[in-house]
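Heads up: the structure comes next, in structure tokens.
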Amino acid sequence: MRAVVFDEFGGPATVREVPDPFPAPHGAVVRVAATGLCRSDWHGWAGHDRTIALPHVPGHELAGVVEAVGEDVRGWRSGDRVTVPFVCACGACGQCASGNHQVCERQTQPGFTGWGSFAELVALDHADVNLVGLPDAVDTVAAAGLGCRVATAYRAVSAQGRVRPGQWVAVHGCGGVGLSAVMVAVAAGARVAALDVSPTALDLARSMGAEVTVHAGDEDAVAVVREVSGGGAHVSLDTLGSEVTCAASIRCLRPRGRHVQVGLLPPDLGHPAVPMARVIALELEIVGSHGMAAHDYGELLSLVASGRLRPDLLVTRRLTLDEAGPALAAMGEPGYPAGVTVVLLAGVAQ
Ligand SMILES: [Zn+2]
Ligand SMILES: [Zn+2]
């Protein structure tokens, strides 16, 4: 098969022929139709996740068609249209037994613990636990985001953020997951303040229904959020993952507000200073959010199928597999295009 491969962290990521994967007894091989470019792919390429073994194929938010299944798989067969949460759970550990597959103790992640979806084929573990069938009404480009950015945003806003209609939600960072969070929060009836340094990203946030947009580089950005929300946001998300956005998210909350950390903060980049004095004084809540279990996808799929959530509108660039490597490397550079980039695989029905 053709796949985007890199041999060293931060080095060239180029397409070459590699052996086809085959399914584990409990696993499946999926023919990739579309795969999104996510900031965590960039972190992996840049070397912020040293558990990645080289050479490596990135990519973890995908939609496609089942090509083959292992002998123990009961629920899926070749030809099924699917997506998969980026956390592939084991289905058998204590966390899985409690339904929390997104924090499975023996999880695997395509594009991190193994080769990912910047390829014609990708092997996925525990297919019966992890594959998610796609309704016909959910197109492939929209579905590519359901493995990471949209599902992550959905769980961060609804389950971890516990956002209620009429509440103020601040979203720090309007990349793929941030814009998805804006869309999900608006659909939940919340009032949204979106923050980013890119005017184009803020325009997109406004088009997704953000009521207020704030240039995150401004000194008074946090004060503006507190002002417009009448004393601070009820819920605030750091969807970028940086010391600055994490702290700003906590500082813009009202008393007893809730901060949800979504963007990765790789230890390799240092441990961020978190304003814990404010957490205590205002009795703030800090929670993390890490993908979403396959069995929780039903409501999200209905919202997308019915058109109430439109992840396709976030997609601003469609690339070929050959263009994926250079685009991945450019993700850490200033001037990286706003909105979501999706790689479409040639010759696969979309
Ligand atoms: Zn991702
Ligand atoms: Zn597990």
Side-chain angles (χ1 to χ4, degrees), residues 4 24 26-27 32 34-46 48-49 51-52 56-63 83-118 122 124-132 141-157 173-181 184 237-241 260-266 288-297 300 311 314-315 324 327-328 331-332 336 339-343:
V4 174
H26 52 71
V32 180
T35 184
L37 250 77
C38 173
R39 197 169 169 79
S40 40
D41 292 316
W42 177 81
H43 279 301
W45 168 81
H48 302 152
D49 178 351
T51 65
I52 289 176
H56 186 65
V57 177
H60 65 279
E61 50 172 29
L62 67 122
T83 186
V84 64
F86 72 89
V87 174
C88 284
C90 74
C93 71
Q95 290 301 332
C96 284
S98 73
N100 289 297
H101 297 66
Q102 73 283 352
V103 289
C104 168
E105 295 159 25
R106 291 193 288 271
Q107 63 187 260
T108 58
Q109 298 182 10
F112 298 96
T113 61
W115 282 12
S117 54
F118 284 23
V122 62
L124 303 167
D125 289 332
H126 300 288
D128 282 332
V129 178
N130 296 305
L131 293 191
V132 175
V141 168
L146 298 180
C148 179
R149 86 191 88 92
V150 182
T152 296
Y154 185 73
R155 185 174 150 76
V157 169
C174 295
V177 71
L179 290 170
S180 301
V184 170
L237 297 87
D238 172 14
T239 58
L240 176 71
V260 186
Q261 187 64 42
V262 182
L264 299 182
L265 291 160
S289 197
H290 190 244
M292 187 164 78
H295 65 80
D296 282 336
Y297 268 63
L300 170 60
L314 306 177
V315 178
L328 176 64
M331 206 165 191
Y336 185 81
V340 169
T341 299
V342 172
V343 176

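Just follow the structure's listing: the first ligand is 1, and inside any ligand the first atom is 1. Keep in mind that what you see is a predicted model, and the values were worked out from it rather than measured.
Note that CG of D125 is 10.5 Å distant from CG of L131, once rounded to the nearest 0.5 Å. M292 contributes atom CE, which lies 11.5 Å from atom SG of C148 (distance to the nearest 0.5 angstrom).
Listed by chain and number, the protein N, O or S atoms at a distance under 2.8 Å from the Zn ion (ligand 2) are C90 SG, C93 SG, C96 SG, C104 SG.
In this structure a side-chain-to-backbone donor-acceptor pair under 3.5 Å is missing from T239 to V262. Side chain of D128 to backbone of H26: no donor-acceptor contact under 3.5 angstrom is found.
Using modelled atom types and a 3.5 Å distance limit, the side chains of D41 and H60 yield a donor-acceptor pair.
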Walk me through it: do H48 and W42 pass the test ring pair (Phe, Tyr, Trp, His ring centres under 6.0 Å)?
CA-CA 9 Å; H48 302 152; W42 177 81; 5.4 Å; yes
inquiry  = Run the side chain to side chain contact (heavy atoms under 4.5 Å, CB included) test on F118 and T35 for me, step by step, so that the C-alpha distance in whole Å, both residues' side-chain angles and the decisive distance to 0.1 Å come before the verdict.
reply    = CA-CA 7 Å; F118 284 23; T35 184; 3.9 Å; yes
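For the Zn ion (ligand 1), the count of nearby protein N, O or S atoms, meaning those under 2.8 Å away, is 3.
Side-chain contact between V342 and E61: absent, with no pair of heavy atoms (C-beta onward) separated by less than 4.5 Å.
Ring centroid separation for the pair H290 and F86 comes in under the 6.0 Å cut-off.
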